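These figures come from a predicted structure and were not determined experimentally.
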2 protein chains.
Amino acid sequence: MSAENNLTGVRRSRPRRTDEGKDKATARDELRKAILAGEYMPGERLVEAQLIERFGASRFNIRLALQDLAGEGLVEIQRNRGAQVRKISLAETIEITQVRMVLEGLVAAQAATRVTDEEASELDEIGLLMRRAVEAGEFRRYSDLNQQLHALVRRIAGHQTADRLIGTLRAQLARHQFMLSLLPGRPMVSLPQHERIITAIRGRDPGEAEAAMRDHIASVIEVLRTLDDQGIIP
Amino acid sequence: MSAENNLTGVRRSRPRRTDEGKDKATARDELRKAILAGEYMPGERLVEAQLIERFGASRFNIRLALQDLAGEGLVEIQRNRGAQVRKISLAETIEITQVRMVLEGLVAAQAATRVTDEEASELDEIGLLMRRAVEAGEFRRYSDLNQQLHALVRRIAGHQTADRLIGTLRAQLARHQFMLSLLPGRPMVSLPQHERIITAIRGRDPGEAEAAMRDHIASVIEVLRTLDDQGIIP
DNA sequence: GTCAGCGAAGTTGTCAACAACTTTTCGGAG
DNA sequence: CTCCGAAAAGTTGTTGACAACTTCGCTGAC
């Protein structure tokens, strides 16, 4: 969400290799990765001194990194009380997924108007691999392919604004994200939905592509509501 | 005789209540307001020293404020080159408006499922005022009412996630926003669209509410594309 | 026992000085 | 006159020290 690395293409006149102090961007990316990997749990305090030790960056850069992640909704900063990994309620999870639904719907529609023949082949390829993964019961692999498919659709659409927003929203749900794919029976339901999306984009039918994507994500929301009734997610 | 250390005896006037040093949040809000008011044009450099003078905040807080506004997409920061008001191309304006279209569509749908009788009256009220404003040729007032209507729909929906995103997107387009309402003939086109939105929400018809909102904003996108062809907007 | 008050420890917020980088200026060689 | 390069000016990036705030534990009166 920022153009901060100005790679001028010109080599540095003054090499400063020996410095191992990491800059803001590096610290931010590593910390985000750690949070998404679940190494810090929601609600856990992020004490600056500890982060300095772990990531080897200066306090200044650590603070900037925390500010950035707060902007992304991954971290919550309370004045004079420090930062903690943001807790996301189920209600908020549903809201976020609803927004993802309409955004990915928009992206799917745009992908349908822009897809090239080559990209269509890529879509087919992923669809095929998905079907195989489901038949083989490789659910983890199916989950990966799921992400690949959504990423490919976004790449085809080339909608930077929607793309960026979807990225930050997905990050906020990273914890729940892959759990869903592993629910018993989920792949059987979502596979035909994915295939419908692929077919619509291949057929260059924006309306159908959007509808297919929205139905797909709407069914995820249904599952979330079910989990709510069962009290599975806090 | 380099740095003469200041003895603890003389602390400039105590940094208590009376001190006018503004904090990050205040500086950020005031700077954002100034940018949205057009006091800084797109592409204009935001030199820290000048901002310190104008807003009376410390450099530290000015920098934090700039970071925040960069996160909101209002400002662009290039490393070692400072900040400037972000320029938004027409292509990006269209992208942002497309995202707004689907987000406000979602919000309208949700508003239709939640609207109370009292809120329905408020909608009617605004609709009535809009019609009168158009008939009286008060376009500036119509533009205000337009914003009020959208804000009311969002309030009714109570969708925090979508609400926040729409807010930041609207801010990015603040410059173009009100220009559109002032285009000749625009109110005549958009008034019935607004009335359709109101009717749909009143009728508690989510699908129709979303469709009405999307058609409305889609027509804005059409105008943007037209302006592009005419080369009016850079 | 307990609870208010007080102080220490731990953590975050802010600042001013300094370092590094970019842009501008200017003198001299060609 | 123009171009090159280095110094100067202007601006931003970073650091370490310190101030302010929160939390926790201790003491002692009741």
Side-chain angles (χ1 to χ4, degrees), chain A residues 2-28 31 40 43-70 75-86, chain B residues 1-28 31 40 43-71 75-86:
Chain A
S2 59
E4 62 206 350
N5 275 342
N6 174 28
L7 301 181
T8 52
V10 181
R11 189 169 312 162
R12 302 182 165 189
S13 46
R14 291 253 231 103
R16 301 189 27 146
R17 296 298 137 131
T18 53
D19 249 348
E20 55 179 321
K22 293 165 184 171
D23 65 356
K24 177 189 87 167
T26 309
R28 159 163 52 68
L31 177 53
Y40 294 100
E44 186 171 345
R45 284 191 64 188
L46 298 169
V47 179
E48 294 176 2
Q50 295 171 2
L51 300 177
I52 291 168
E53 278 235 349
R54 162 150 188 184
F55 296 103
S58 67
R59 186 153 92 93
F60 183 79
N61 283 325
I62 289 289
R63 295 195 102 223
L64 290 182
L66 286 172
Q67 294 274 348
D68 276 10
L69 295 180
V75 155
E76 189 174 4
I77 297 180
Q78 291 175 301
R79 189 184 168 91
N80 288 326
R81 290 194 191 181
Q84 57 181 219
V85 181
R86 194 158 81 92
Chain B
M1 57 175 10
S2 47
E4 197 68 34
N5 45 5
N6 44 358
L7 299 179
T8 51
V10 184
R11 278 262 143 265
R12 316 161 299 181
S13 60
R14 242 178 281 112
R16 251 350 191 187
R17 309 285 151 107
T18 54
D19 205 46
E20 286 206 34
K22 293 166 184 170
D23 64 357
K24 176 189 86 167
T26 309
R28 161 166 46 72
L31 176 53
Y40 294 100
E44 186 171 346
R45 286 191 64 187
L46 298 169
V47 180
E48 295 177 0
Q50 296 171 0
L51 300 177
I52 291 168
E53 277 234 351
R54 161 149 188 185
F55 296 103
S58 68
R59 187 153 92 95
F60 184 81
N61 283 326
I62 289 288
R63 295 195 101 226
L64 291 183
L66 286 172
Q67 294 276 347
D68 276 10
L69 294 180
V75 156
E76 189 173 5
I77 296 180
Q78 290 175 307
R79 188 181 170 93
N80 288 325
R81 289 193 193 181
Q84 58 181 220
V85 181
R86 194 159 81 92

Item checked: From D:dT15, D:dT11, C:dT14, nucleotide with atom closest to B:V47 side chain -> D:dT11

Notebook entry, point to check: Counting side-chain heavy atoms from C-beta on, which of D:dT23, C:dT12, C:dT22 comes nearest to A:R45?
Noted result: C:dT12

Next item on the list: Rounded to the nearest 0.5 Å, what's the gap from CZ on B:R86 to CG on B:L69? Could you check?
Entry: 12.0 Å

Margin query: In this structure, how many angstroms lie between the P atom of D:dT11 and the CD atom of B:E53, rounded?
Written below: 12 Å

Note to self: Looking at B:S58, I'd like to know whether one of its side-chain N or O atoms comes within less than 4.0 Å of OP1 or OP2 on C:dC15.
What the structure shows: yes

Item checked: Euclidean distance, B:D68 CG relative to A:D68 CG, rounded to 0.5 Å -> 9.0 Å

Notebook entry, point to check: Over how many whole Å does the gap from A:D23 atom CG to C:dC21 atom C1' extend?
Noted result: 15 Å

Notebook entry, point to check: Of B:Q50 and A:F60, whose closest DNA chain D nucleotide lies nearer the 5' terminus?
Noted result: B:Q50

Report all side-chain donor-acceptor pairs from residues 51-62 of chain A shorter than 3.5 Å, counting only partners two or more places apart or in another chain.
{"from": "A:R54", "atom 1": "NH1", "to": "A:E39", "atom 2": "OE1", "distance (Å)": "3.1"}
{"from": "A:R54", "atom 1": "NH2", "to": "A:E39", "atom 2": "OE1", "distance (Å)": "2.5"}
{"from": "A:S58", "atom 1": "OG", "to": "A:N61", "atom 2": "N", "distance (Å)": "3.3"}
{"from": "A:S58", "atom 1": "OG", "to": "A:N61", "atom 2": "ND2", "distance (Å)": "3.4"}
{"from": "A:R59", "atom 1": "NH1", "to": "A:E48", "atom 2": "OE1", "distance (Å)": "2.5"}
{"from": "A:N61", "atom 1": "ND2", "to": "A:K22", "atom 2": "O", "distance (Å)": "3.1"}

Item checked: Whole angstrom value for the distance that separates C1' of D:dC21 from CZ of A:R79 -> 9 Å

Checklist line | First of A:N61 and A:R81 reached from the 5' end of DNA chain D, by closest nucleotide | finding: A:N61

Margin query: Just to be sure I understand the rule, does A:L46 reach a base, reach only the sugar-phosphate, or reach nothing, if contact means heavy atoms closer than 4.0 Å?
Written below: sugar-phosphate

Next item on the list: Show your reasoning for whether side-chain contact (heavy atoms from CB on, under 4.5 Å) applies to B:R28 and B:L64.
Entry: CA-CA 8 Å; B:R28 161 166 46 72; B:L64 291 183; over 6 Å; no

Next item on the list: To the nearest Å, give me how far apart CG (A:L64) and C1' (C:dT12) are.
Entry: 14 Å

Next item on the list: Find the distance B:Q84:CD to D:dT12:C1' and express it as a whole number of Å.
Entry: 14 Å

Notebook entry, point to check: CD/A:Q84 to CD/A:Q78 distance, rounded to the nearest 0.5 angstrom?
Noted result: 5.5 Å

Notebook entry, point to check: Which nucleotide in the list D:dT14, C:dT22, C:dT14 gets nearest to the side chain of B:N80?
Noted result: C:dT22

Check: Whole Å only: how far is the CD atom of B:E48 from the P atom of C:dT22?
Finding: 15 Å

Notebook entry, point to check: Where the side chain of B:R59 is concerned, which of D:dT15, D:dA17, C:dA17 is the nearest nucleotide?
Noted result: C:dA17

Check: Whole-Å distance between D:dT11 P and B:I62 CD1?
Finding: 15 Å

